[in-house]
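Values reported hereafter were calculated over all heavy atoms of this structure, with side chains retained and with hydrogens, waters and symmetry mates removed.
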Amino acid sequence: QVQLVESGGGLVQAGGSLRLSCAASGEMFSVSAMGWFRQAPGKEREFVTAITWSGSSTYYADSVRGRFTISRDYAKNTVYLQMNSLKPEDTAVYYCAAALRRVGSGWYSLSSQYNTWGQGTQVTVSS
């Protein structure tokens with residue numbers, strides 16, 4: 001079992017920055033990758049970014065590439081999402097997720113690959 005707790009959401013003006021954290025606990029030996037997804041009101045949950053637990057590979061949605069950065073701290077079992085140059089369209093509830101089985105290349109953007117989810121944290125970007 002792996003548990004995830006997100007933090008760091010809030011209200012920010014367009015062009016500003018926020019850093020989200022996802023603290024993981026439990027059977028960390030089973031984690032192969034961590035991802036961030038988001039869901040805006042009235043829209044489906046969408047992939048934002050992912051990182052292999054080894055840290056060797058990262059993946060980004062086109063909409064955030066160059067603005068968002070995912071990273072992880074092994075010692076703290078924590079994954080971070082640094083969000084810069086935020087836009088009103090980035091407003092959503094952001095969810096952290098853990099994959100407990102190996103994820104094939106090209107599959108990191110699929111929510112079905114992730115077994116454990118956090119409770120979500122609200123990010124609101126005002127124009």
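Between the OG atom of S127 and the CD atom of Q13 there is a distance of 9.5 Å, given to the nearest 0.5 Å. To the nearest 0.5 Å, the span separating OG on S25 from CD on Q1 amounts to 10.5 Å. Within the model, atoms CG of L81 and CE of M34 stand 11.5 Å from one another, a figure rounded to the nearest 0.5 Å.
L4 approaches C96 most closely through the heavy-atom pair CD1-O, 3.7 Å. Smallest separation of non-hydrogen atoms from S17 and S85: OG-N, 4.4 Å.
Panel note: side chain T78, backbone K76; a donor-acceptor pair is recorded below 3.5 Å. E46 places no side-chain N or O within 3.5 Å of a backbone atom of R38 that could act as its donor or acceptor partner. Without hydrogens or angle criteria, T121 side chain to Y94 main chain gives no donor-acceptor distance under 3.5 Å. T69 contributes no side-chain N or O that, together with a main-chain N or O of Q82, makes up a donor-acceptor pair within less than 3.5 Å. One N or O on the side chain of T52 and one on the backbone of S57 form a donor-acceptor pair closer than 3.5 Å. A donor-acceptor contact shorter than 3.5 Å is absent between the side chain of R102 and the backbone of S32. For the pair Y114 (side chain) and Y108 (backbone), a donor-acceptor distance under 3.5 Å is present. The backbone N or O of Q119 lies less than 3.5 Å from a partner atom in the side chain of E6, making a donor-acceptor pair.
Follow the hydrophobic side-chain contacts under 4.5 Å out from V5 and you never reach Y95; the two are in separate clusters. Hydrophobic clustering (ILVMFWY, side-chain heavy atoms < 4.5 Å, transitive): V12 and L20 are in one cluster. Note on Y60 and V103: separate hydrophobic clusters, where clusters join Ile, Leu, Val, Met, Phe, Trp and Tyr whose side-chain heavy atoms are under 4.5 Å apart, directly or indirectly. No chain of hydrophobic side-chain contacts below 4.5 Å, direct or via other Ile, Leu, Val, Met, Phe, Trp or Tyr residues, connects L110 to L100. Hydrophobic clustering keeps L18 apart from Y80 (ILVMFWY residues linked when any side-chain heavy atoms are closer than 4.5 Å, directly or through intermediates).
Counting only heavy atoms from C-beta outward, the side chains of Q122 and T124 approach each other to under 4.5 Å. Contact of the M83 side chain with the D90 side chain is not registered, since no non-hydrogen atoms from C-beta on lie closer than 4.5 Å. The shortest distance between side-chain heavy atoms of V79 and W53 falls below 4.5 Å.
Around CZ of R65, the count of heavy atoms belonging to other residues, nucleotides or ligands within 6.0 Å exceeds 12.
In this structure, W36 has its ring center at least 6.0 angstrom away from the ring center of F68. Between F47 and Y59, the distance from one ring center to the other does not fall under 6.0 angstrom.
Remark: R45 is not positioned above the aromatic ring of F37, lacking an NZ or CZ atom under 6.0 angstrom from the ring centre and at most 45 degrees off the axis.
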